[in-house]
Protein chains: 2
Amino acid sequence: MKQNNTAAQVTMKDVANVAGVSTATVSRALMMPEKVAHQTREKVDNAIQQTGYIPYLPSRNHKNNQSKILLVMSLDITDPFLTDVIQGIQQTAAEYGYMVLLLGNQQQSIEQASLSPLLNQVDGIILLGANSPLDIHHHDSLPPMVMANEYLPELKLPTIHIDNLTAAFNAVNYLQQIGHRRIACISGPAHLHLSHYRLQGYIQAIQRSGIALEKRYMLSGSLTFETGSTALTQLMSLPQPPSAIFCHSDIMAIGVIHQAKKIGIKIPEELSIVGFDDIALAQYVDPPLTTMAQPRYNIGHQAVLMLLELLQGCPVKSNSVLLDSELIVRESTAKPHS
Amino acid sequence: MKQNNTAAQVTMKDVANVAGVSTATVSRALMMPEKVAHQTREKVDNAIQQTGYIPYLPSRNHKNNQSKILLVMSLDITDPFLTDVIQGIQQTAAEYGYMVLLLGNQQQSIEQASLSPLLNQVDGIILLGANSPLDIHHHDSLPPMVMANEYLPELKLPTIHIDNLTAAFNAVNYLQQIGHRRIACISGPAHLHLSHYRLQGYIQAIQRSGIALEKRYMLSGSLTFETGSTALTQLMSLPQPPSAIFCHSDIMAIGVIHQAKKIGIKIPEELSIVGFDDIALAQYVDPPLTTMAQPRYNIGHQAVLMLLELLQGCPVKSNSVLLDSELIVRESTAKPHS
DNA sequence: ATGAAAGCGCTAACAC
DNA sequence: GTGTTAGCGCTTTCAT
């Protein structure tokens, strides 16, 4: 008869009482069931059922320091690409019995002061993109961390990512292969390192083909529809508009397609577009998007595996795992007409 | 002599030592700064700086039972609509100093046994959609909860949502207003209550106009591109295909648009489409989508406010807050041609 | 205003 | 195998 149900914590002591054993035994029955007599274990199990006991985590963590929580710091939980990565993280984490605490960048408003204690409570951290809110250098002791999707040489974090430079190079190279000469590039924000790498890939591809780099063909902005949309307007009002555009994200690419249609430019006949990421949506837009596919789910998956290894005390084997990217050719690209 | 300083926790005791006071004073300096002498506080503050002390949450929570963590259980962190809601949640939570623990449905694989303890550690729960992994009825004492985006009468949870029935009714009614008679409906999965309400809205609108309900016009599936895509094929192969389709989500609608184009059906000339949610993407697809807009961000915002009130011990004022929805007419709908 | 000391619920030595 | 006991880091009486 539990009358003390005013949200009163059922403690291990209660269980012990009901089972007629000591708290230590209850604890053992929970933690190392094989080290406790079969009979006793049954009594304890019953008592747990009866009382509705639930282990109180803070106390438990107190000792063994395991919260089974992984922190993910993500730039933007709204970005469909990152969302897929996070999905990979969550699913993999769940397989290993970990929960995922997701911190969006909006929450960077949370002051360091209140953030720090939290870091103390999680078992590991996954940085999804580099503009993390935490001033890593000012923390002496942080939980194990891995970085995903963006490589940041200065912090020597184990990282899982694609070769953004080569990927971008290949994307642009493809456009060149099918005959394009005037190729523009819409980059992500400068503070993201991946923007830098992708831009470099673009630049190298252009230069290698012996064509002069056109400053006016190189725009940048956030990885959003709007950026793509406005960038297109800008590009097409150039005296010599490009015949193809390489975008740093699919979302951007969709923005440019949208705007292109609006001002009556036919894709891919008059303008070729290639995106980046291969989000699910890419194949459903009109025309279906040619894009550099990233292994979205796998990035998340690998990141967790890597982090879990760190948690086990494994040394940081390789400092950076490279995943493959692949150009998916759909219908937003074609030979230049003119 | 603790030489075991391999990432050793800096404890409050250390701070106390350095400051030359007792741990109790340090604790007070942190928790009720005004109750401690100005001088002492300075000494403590300095010591904290020097040692790099960070409060250890599990111990702190131990007593005052405040983790400052809100748990969000979401159906699908990949859904752009839910993602926007979550954004609203995170941002609002952050304003009030709360962090958000996000549990995707994939993580339902985590057994109750390991989930329950976690529930014990969070200050409150937001259910985003009803198919939550937790067997609410089997838990005696759960943290305060609110439900968002879906109304579930049986559990009497404070809920924040739109009137799905009326919204659907209005959407279908609009189609009727502009002249459509053969209107199909692609519903969400049956286990979501909102599918039920939206379907009812559709049914009532059809019936009120005196038209017979056509079973063959009523399809259902997951809220995905694929569902929309396959549903369209099915609908258009009917002897009397519909002239308009009401979809339970924008994603679905985009799927049907995609497929419609593929088989050469002109939108909106030959077929009108209306979606639901008004995700950002809706205005960027071709043609821009007419859709029933939900206040995505605000749903999350309100949910947090509501939950926070509960946490303060406020009684559940109204059991259900209704937010407004609004039909956004874009270019995927037009008068029927024939 | 501050220190000493008693817990909080749990785990881990250490005995029996 | 199981109970006793001593903490874990922190907050909070209760003295002073």
Side-chain angles (χ1 to χ4, degrees), chain A residues 4 7-45 47-48 51-68 114 116-121 141, chain B residues 2 4-45 47-48 51-68 113-114 116-121 141:
Chain A
N4 56 336
Q9 256 295 97
V10 178
T11 135
M12 184 177 270
K13 199 170 179 181
D14 300 328
V15 179
N17 278 132
V18 174
V21 298
S22 75
T23 58
T25 302
V26 177
S27 178
R28 272 189 291 254
L30 259 42
M31 306 296 282
M32 335 113 109
E34 69 286 356
K35 301 290 276 181
V36 83
H38 197 65
Q39 265 202 356
T40 328
R41 196 161 69 237
E42 283 201 339
K43 281 194 295 186
V44 171
D45 285 345
I48 291 182
T51 55
Y53 167 74
I54 293 171
Y56 185 63
L57 254 37
S59 296
R60 177 176 285 190
N61 300 167
H62 210 329
K63 298 296 280 194
N64 69 182
N65 253 350
Q66 273 240 30
S67 61
K68 288 290 189 175
S114 87
S116 295
L118 184 90
L119 301 181
N120 231 284
Q121 208 190 154
S141 123
Chain B
K2 15 177 178 169
N4 56 335
N5 262 12
T6 327
Q9 258 292 95
V10 178
T11 128
M12 185 178 269
K13 199 170 180 182
D14 300 328
V15 179
N17 278 130
V18 174
V21 297
S22 75
T23 58
T25 304
V26 177
S27 178
R28 275 189 288 254
L30 259 42
M31 305 297 283
M32 336 115 110
E34 69 286 355
K35 301 289 276 181
V36 84
H38 197 66
Q39 265 202 356
T40 328
R41 196 160 69 237
E42 283 201 339
K43 282 194 295 185
V44 172
D45 284 345
I48 290 182
T51 56
Y53 168 73
I54 293 171
Y56 186 63
L57 253 39
S59 295
R60 176 176 287 189
N61 300 165
H62 211 327
K63 298 298 279 194
N64 69 182
N65 253 351
Q66 273 240 26
S67 61
K68 288 290 190 177
S114 88
S116 295
L118 184 92
L119 301 181
N120 230 283
Q121 208 188 156
S141 121

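No experiment lies behind these values; they were computed from the predicted model shown. Keep in mind that the numbers below use all heavy atoms, side chains included, and drop hydrogens, waters and symmetry copies. Each chain gets a letter, A, B and so on, in the order the sequences are listed, and its residues count up from 1.
- Rotation axes derived from the C1' atoms of the five outermost pairs at either end of the helix from dA1(C)-dT16(D) to dC16(C)-dG1(D) lie 40° apart, to the nearest 10°.
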Please tabulate, for side-chain N and O atoms in residues 53-61 of chain A, each donor-acceptor pair with protein atoms closer than 3.5 Å (sequence neighbours left out).
residue	atom	partner	partner atom	Å
Tyr56(A)	OH	Asn61(B)	O	3.4
Tyr56(A)	OH	Asn65(B)	OD1	2.4
Ser59(A)	OG	His62(B)	NE2	2.8
Asn61(A)	ND2	Leu57(A)	O	3.4
Asn61(A)	ND2	Gln66(A)	O	2.7

Table please: side-chain donor-acceptor pairs of residues 23-33 of chain A below 3.5 Å, with sequence neighbours left out.
residue	atom	partner	partner atom	Å
Thr25(A)	OG1	Ser22(A)	OG	3.3

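- Mapping heavy-atom proximity under 4.0 Å, the span of DNA chain C touched by chain A runs 5' to 3' from dG9(C) to dA13(C).
- To the nearest 0.5 Å, atom OG1 of residue Thr51(A) and atom CE of residue Met12(A) are 10.5 Å apart.
- Atom NZ of Lys43(A) is separated from atom CG of Asp45(A) by 12.0 Å, given to the nearest 0.5 angstrom.
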Requested in this report: Indicate for each nucleotide in nucleotides 8-16 of chain D, in 5' to 3' sequence, whether protein heavy atoms under 4.0 Å reach the base (B), only the sugar-phosphate (S), or nothing (-).
Outcome: BBSBBB---
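- Counting heavy-atom neighbours within 6.0 Å of Gln39(A) CD, excluding the residue itself, gives a total of 12 or less.
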